[in-house]
Amino acid sequence: MYSSIQTGGASGMQTLDQCLTEMVSKGQVSKEEARYKAQNKDAL
């Protein structure tokens, strides 16, 4: 299921980690908070 979400990006689907990465880049959440919630903490 996780890979289906990753490959469904053209349809607007995204994983939690992808959303967190985007929010960090926009300054909406801190990197520390995003890492706390992320599934793959090393990717952030």
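Side chains are part of it too, since the values below use all heavy atoms of this structure and drop only hydrogens, waters and symmetry mates.
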How long is the gap from NZ on Lys26 to OG1 on Thr21, to the nearest 0.5 Å?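 Taking NZ in Lys26 and OG1 in Thr21, the distance rounds to 12.0 Å.
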
Inter-residue atom distance Lys31.NZ - Leu20.CG, 0.5 Å rounding: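 Between atom NZ of Lys31 and atom CG of Leu20 there are 12.5 Å.
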
List the atom of [X], the atom of [Y], and the distance in Å for their closest heavy-atom pair.
X     : Y     : value
Met13 : Gln18 : O-OE1, 4.5 Å
Val29 : Ala34 : CG2-CB, 4.3 Å
Asn40 : Asp17 : N-OD2, 2.9 Å

Is there a side-chain contact between Lys37 and Glu33, using heavy atoms and a 4.5 Å cut-off?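 A side-chain contact exists here, since the closest heavy-atom pair is under 4.5 Å.
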
